[in-house]
**Q** 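Could you have a look at this structure, given as structure tokens, before my questions?
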Amino acid sequence: MAKMWEGRTSGVTSKIADDFNSSIKFDSKMYKQDITGSMAHAAMLSAQNIISSDDAEKIIDCLGEILADIESGKMPIDMEAEDIHMFVEQVLTERIGDTGKKLHTARSRNDQVALDIRMYLRDEADEIISLTKALIGAVADKAEEYKGVICPGYTHLQRAQPITFGHHLMAYAMMLLRDIDRISDCKKRMNISPIGSCALAGTTYNTDREFEAEKLGFDSICLNSLDGVSDRDFCAELLSALSILMMHLSRFSEEIVLWSSWEFKFVELSDAFTTGSSIMPQKKNPDMAELIRGKTGRVYGDLIGLLTTLKGLPLAYNKDMQEDKESVFDACDTAKMCLQVMTGMISTMTAIPENMKKAAQGGFINATDMADYLVNKGMPFRDAYKISGRIVAECIKTGKVLETLPIDTYKSFSDKFDDGIYDAVDLENCVNRRISAGGTSVTSVEAQIEFVRQALAG
Ligand code: ARG
């Protein structure tokens with residue numbers, strides 16, 4: 001069949017060119033946005049007396065029917081169409097004849113695609129924000145459950161200082177809160193209407209762009225028509241925010257993989273979020289966490305792919321830009337899936353406090369507290385640090401830990417030691433003395449949980 005743009009050319013294209021050119025397989029996702037955008041456009045054209053109110057009514061009613069028919073499955077979207085914009089217009093014209101042909105006055109597909117993708121992504125952004133909130137809620141609940149459970153805190157993956165498992169979990173809640181912030185911020189710049197840019201240069205018709213923008217829930221309009229149809233920075237911005245979100249999910253997943261290994265055994269994942277091996281009967285694999293870690297690369301790829309597509313494009317629209325959609329759609333779908341899986345995995349995960357405690361007792365992670373004890377007795381920190389290091393070396397040599405080293409041995413390193421040292425190196429005390437804002441003490445973790453819950457509610 002000849003194309004709607006037949007005229008300058010015969011409109012007859014080869015099958016392979018059609019297949020290559022067509023975007024319907026992925027932009028059909030935006031049918032709702034396309035149809036609502038067209039309804040607002042028809043309403044504007046009539047309000048401005050560019051088309052009659054009778055024509056506008058006919059167009060709007062028919063678009064409503066098309067939407068209902070697609071949603072009910074009565075009319076499948078034709079995968080042979082060039083794109084969703086052409087498909088909708090074609091059906092409209094088939095159904096109401098010449099009146100349908102008036103809809104495309106004072107607009108171009110370049111406007112439509114820029115409009116539809118903004119509308120589609122702002123909804124996706126909202127969904128991703130609410131899924132992230134659900135994950136944060138699950139993390140905060142777990143943190144509350146384990147706010148008093150002592151585990152080693154690491155640097156360089158070496159045991160460093162005692163912390164609570166609740167404190168460790170809350171670090172991720174804070175990161176995820178910022179992810180929400182980033183996505184909401186990006187939405188502000190996305191929610192600006194390009195419709196009425198009219199291919200690239202604006203139009204001679206007396207349009208009312210604000211009217212359309214307002215009808216479609218936009219905050220304002222793009223103030224330069226070339227910019228309106230050419231840039232996809234809002235896609236790149238969303239992809240950046242999603243890449244950072246995925247980076248957080250990936251680090252969290254990596255820790256879950258480590259924690260559920262026999263080497264750590266700090267946590268037990270629920271059977272519902274693990275898999276077995278086809279050959280090794282003993283296996284319980286953290287596939288969900290690994291997949292989230294793995295899919296992070298995909299989202300980074302989506303970001304880099306889009307940036308690369310855009311980097312050499314002269315203004316205004318170029319067909320290369322059709323490539324924008326698959327990357328943002330893929331990144332949104334991936335992020336949504338990962339967030340849901342992560343929420344399920346976290347809320348069903350159980351900690352094994354005995355193993356965490358055992359690990360915490362093993363790595364001299366209270367050595368800083370021993371040094372601080374000497375500082376409190378009037379010794380300069382550098383001297384206290386050196387003596388504490390020697391005591392650790394002595395413990396390693398004699399197979400002792402700071403909690404069990406005899407007082408006489410302590411005294412042989414410094415006469416500042418007395419029985420108070422055992423209180424100072426007691427792991428629970430070590431944790432609960434860290435009352436500085438944002439520290440690991442139970443009261444601080446409680447304050448963090450409270451803060452996060454309020455942020456979620458607000
Ligand atoms: N399918 C196209 C896309 O996704 C729509 C815009 C087409 N515009 C044009 N002038 N060919 O980018």
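No hydrogens, no waters, no symmetry mates; every other heavy atom, side chains included, goes into these values. Both counts, for ligands and for their atoms, begin at 1 and track the order of listing. Everything numeric here is computed off the predicted structure, so don't read it as measured data.
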**Q** Salt bridge between D185 and R182, side-chain N to carboxylate O under 4.0 Å?
**A** no
**Q** For R251, give me all partners under salt bridge (charged side-chain N to carboxylate O under 4.0 Å, His left out), at least two apart in sequence or on another chain.
**A** none
**Q** Tell me every residue that passes side-chain contact (heavy atoms from CB on, under 4.5 Å) with C186, counting only those two or more places apart in sequence or in another chain.
**A** M190, E237, L238
**Q** Heavy-atom contacts with ligand 1 below 4.0 Å: which residues, ordered by chain and residue number?
**A** S23, D27, D83, H85, R109, N110, V113, Y317, Q322, K325
**Q** May I ask you to decide whether D19 forms a salt bridge with K15, counting only side-chain N to carboxylate O separations under 4.0 Å?
**A**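 Yes.
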**Q** Quick one: side chains of residues 240-249, donor-acceptor pairs under 3.5 Å with protein atoms, not counting sequence neighbours, listed by atom name and distance.
**A**
unit_1	atom_1	unit_2	atom_2	d
S240	OG	A236	O	2.7
S243	OG	L239	O	2.8
H248	ND1	D179	OD1	3.4
H248	ND1	D179	OD2	2.7

**Q** Please say whether the positively charged group of R109, taken as NZ for Lys or CZ for Arg, lies over the ring of Y317, i.e. under 6.0 angstrom from the six-membered ring centre and within 45 degrees of the axis.
**A** no
